[in-house]
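Naming: A, B, ... by sequence-line order, numbering from 1 per chain.
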Amino acid sequence: MSTHESDIVQFDNVGLRYGTEREVLSNISFTLFSGRFYFLTGESGAGKTSLLKLLYLAQRPSRGAIRMFGRDVITLPRDKLPAYRRRMGVVFQDFRLVDHLSAFDNIALPLRVSGVREADLRGPVEDMLEWVGLANRADARPATLSGGEQQRVAIARAVIGRPEVLVADEPTGNVDPDMALKLMRLFEALNRLGTTVVVATHDLQLLRKVPDSLIMRLSKGSLLDPTGALKYPPRRSGGGGA
Amino acid sequence: MKRPPTIGSAVDRGLAPFRGRRAAHLLPKARFGGPIPWVIAVMVALTVLAAGGALALSNMVSSARGDLEGSATVQVIEPDADARQAKAAVVVDLLAQDPAVVGFRAVPESEVAELLEPWLGGGEGMEAVPLPALIDVELRDGTGTAELERIEAALQDAAPGSRIDSQAQFLAPVLSALRALQWMALAMIILLAFTGAAAVWLASRNVLGGNRDTIEIVHLLGGNDDQIARVFQRSILFDAIAGGLLGLVTGALAITLMARQFAALDSGMVAGGSLSALDWAILALVPLFAVGIAVYTARMTVIQSLRKML
Ligand SMILES: Nc1ncnc2c1ncn2[C@@H]1O[C@H](COP(=O)(O)OP(=O)(O)OP(=O)(O)O)[C@@H](O)[C@H]1O
Ligand SMILES: [Mg+2]
């Protein structure tokens, strides 16, 4: 697992503690290969969000090494991090939509931050709204959207820039099974365009929807399979699932 | 399956600036508004007043200097009129030969009497009061105290009871008082700048707090510190310009009114304190400085707070 030509993320013996409390993640080692589709499962409180935070560079680990896109991101100076964040799309567990911006502007935000011209982003953002079934809600503020609608805006925002890595934290927690399936199709389509996808979920039904996916099981802050991701379907017994 | 409508390689387009209207649109709550333009207006008005006062004082000092520096007065104090005449003649001879003296004029006795009339009362009895003989002396440029002392010593030798006073000497305490006022004005300007910066700092932190979520989101989407700081800079720029202009107008108005009051005094010295076009240009720079300080302070506040995020 050390050097594959297309590995895109490498965690090596990573530990994370908040403040002085016990470690919420211990000895995390895995490699994500470019263009694959990963699920991260585990019971509530297992540390899925914490692991993803390390992945989307919102948090530094307390120990261990993390390489992304071929660089050690732990020693990376702070001013180099934004460029790395732009190569990723993130669906936050709590959405994190900007509450005074419309659905349209929320989805356009990463493009604007990346400096895409207004004329170039209008069409794709409108198409994306259509794609997630919110074409008629383009001007709505997040507060006036249902939970599921907010989630779809969050997803649209994460994928609009066709990131190299998509990180989604419980992206289907608030939508019905049909919409969940549709969103998985969106992720798969993106995956086929070359995006590496990491989806944290406790919805085990979801795993079955993406046949070629790999599964990482997290329990009480440790990866159950120390070699990293398992090929789906996992062994029947599986100690980790919620 | 349909291709999702994404924009490929948005990242490759790099860090095109995200400023101006788009940036403002991103954080509409970043408007400072509230008291900030007013605080800046008050600061600028007070600074313009203090600076205008300092400039007027400095003009007054230099014009008084220019008028008085080169002149001195010799008094010959001698009760006996004949002896006084004789001594005055000796003094005149001496002054005529002194290299430091450019010119002189013996003030006629009648003029001296006229000068003293307000104090002594005119009419009868005047003759009983011995008047000094006065000789106005024009000194070479750059004549210093040492030279004055030399002349005085020579005068004392030749005509005891005579003395020379430079007018600058009379004015020295006045000038140093004016200097003190100028320093005070300068100190006030510095204090005002600090207070203004502190007010902007507080306001920035406040606005920053109200936008913390948005800032964090933009940060996590890969916005860099400079982009986020620009949003705030832009917003305070407009507030500061509005406040600065208001303050300048108010301050200038106050100065003009004061100038009119002082002009009514009709005193030569005060007239020397009027502001030149250059002085007004300097005052017009005050709001520019205020805008600069405000924008810089806002930027530093935002950047510092962002540094705490990874
Ligand atoms: N900011 C924080 N400060 C302190 N402790 C935290 C913080 N965030 C998470 N934790 C703790 O870390 C542990 C893992 O939390 P995490 O959010 O990663 O779990 P999770 O697997 O995402 O759970 P869920 O499925 O409920 O979202 C929990 O015990 C939680 O209490
Ligand atoms: Mg979580």
Side-chain angles (χ1 to χ4, degrees), chain A residues 53 56-60 78-90 92 96-101 105-106 108-118 120-121 123-132 156-164 185-190 192-195, chain B residues 1-31 33 207-232 234-235 299 302-310:
Chain A
K53 272 188 189 164
Y56 58 71
L57 301 172
Q59 186 84 49
R60 283 203 198 274
R78 198 181 158 275
D79 61 326
K80 295 277 189 294
L81 292 176
Y84 280 74
R85 293 195 183 102
R86 281 161 207 239
R87 300 169 74 169
M88 284 182 269
V90 184
F92 302 97
R96 297 201 168 209
L97 301 176
V98 179
D99 55 14
H100 58 262
L101 294 185
D105 288 329
N106 264 290
L109 192 53
L111 300 179
R112 288 181 172 145
V113 168
S114 298
V116 178
R117 283 185 313 149
E118 217 59 19
D120 294 339
L121 62 77
V125 172
E126 276 163 4
D127 291 349
M128 183 57 75
L129 277 161
E130 182 94 37
W131 181 278
V132 295
R157 184 181 68 184
V159 303
I160 186 76
R162 199 188 301 160
E164 290 171 62
R185 294 283 163 268
L186 169 58
F187 289 166
E188 276 188 276
L190 199 70
R192 234 168 284 131
L193 290 176
T195 296
Chain B
M1 159 126 265
K2 213 171 78 183
R3 246 171 98 100
T6 56
I7 290 194
S9 63
V11 180
D12 300 341
R13 297 171 205 228
L15 266 182
F18 131 108
R19 328 181 158 132
R21 286 237 319 274
R22 286 167 61 185
H25 188 52
L26 174 67
L27 294 175
K29 272 194 294 186
R31 292 297 305 158
V207 173
L208 211 59
N211 284 284
R212 183 152 305 281
D213 286 350
T214 308
I215 289 171
E216 217 172 287
I217 292 165
V218 175
H219 180 73
L220 286 174
L221 293 180
N224 60 24
D225 294 2
D226 184 56
Q227 284 179 318
I228 297 170
R230 272 174 194 285
V231 176
F232 288 90
R234 178 188 149 86
S235 143
R299 179 182 178 81
V302 173
I303 297 249
Q304 241 172 33
S305 137
L306 283 169
R307 289 257 158 82
K308 290 184 194 128
M309 299 180 192
L310 175 62

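Contact record, A:A58 with B:L220: CB-CD2, 3.6 Å, taken as the closest heavy-atom pair. Closest heavy-atom contact between A:H100 and B:N211: CE1-OD1, 4.4 Å. Pairing each heavy atom of B:G222 with each of A:P82, the nearest pair is O-CB, 3.4 Å. For B:I217 against A:R96, the heavy-atom pair with the smallest separation is CD1-O, 3.0 Å. Of all heavy-atom pairs between A:R85 and B:H219, the closest is CD-O, 3.5 Å.
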**OP:** Take B:V218 and A:V113, measure what side-chain contact (heavy atoms from CB on, under 4.5 Å) needs, and give me the verdict at the end.
**Re:** CA-CA 8 Å; B:V218 175; A:V113 168; 4.1 Å; yes
Subject >> Residue pair B:L306, A:R78: steps toward the side-chain contact (heavy atoms from CB on, under 4.5 Å) verdict >> reply: CA-CA 11 Å; B:L306 283 169; A:R78 198 181 158 275; 4.1 Å; yes
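Contact of A:F92 with chain B is made through the side chain alone, with heavy-atom distances under 4.5 Å. Both the backbone and the side chain of A:R60 come within contact range of chain B, each with at least one heavy atom under 4.5 Å from a heavy atom of that chain. Heavy atoms closer than 4.5 Å to chain B are found in the backbone of A:Q59, but not in its side chain.
Between A:V98 and B:D213 the shortest side-chain heavy-atom distance does not fall below 4.5 Å. A:L109 places a side-chain heavy atom less than 4.5 Å from the side chain of B:L221.
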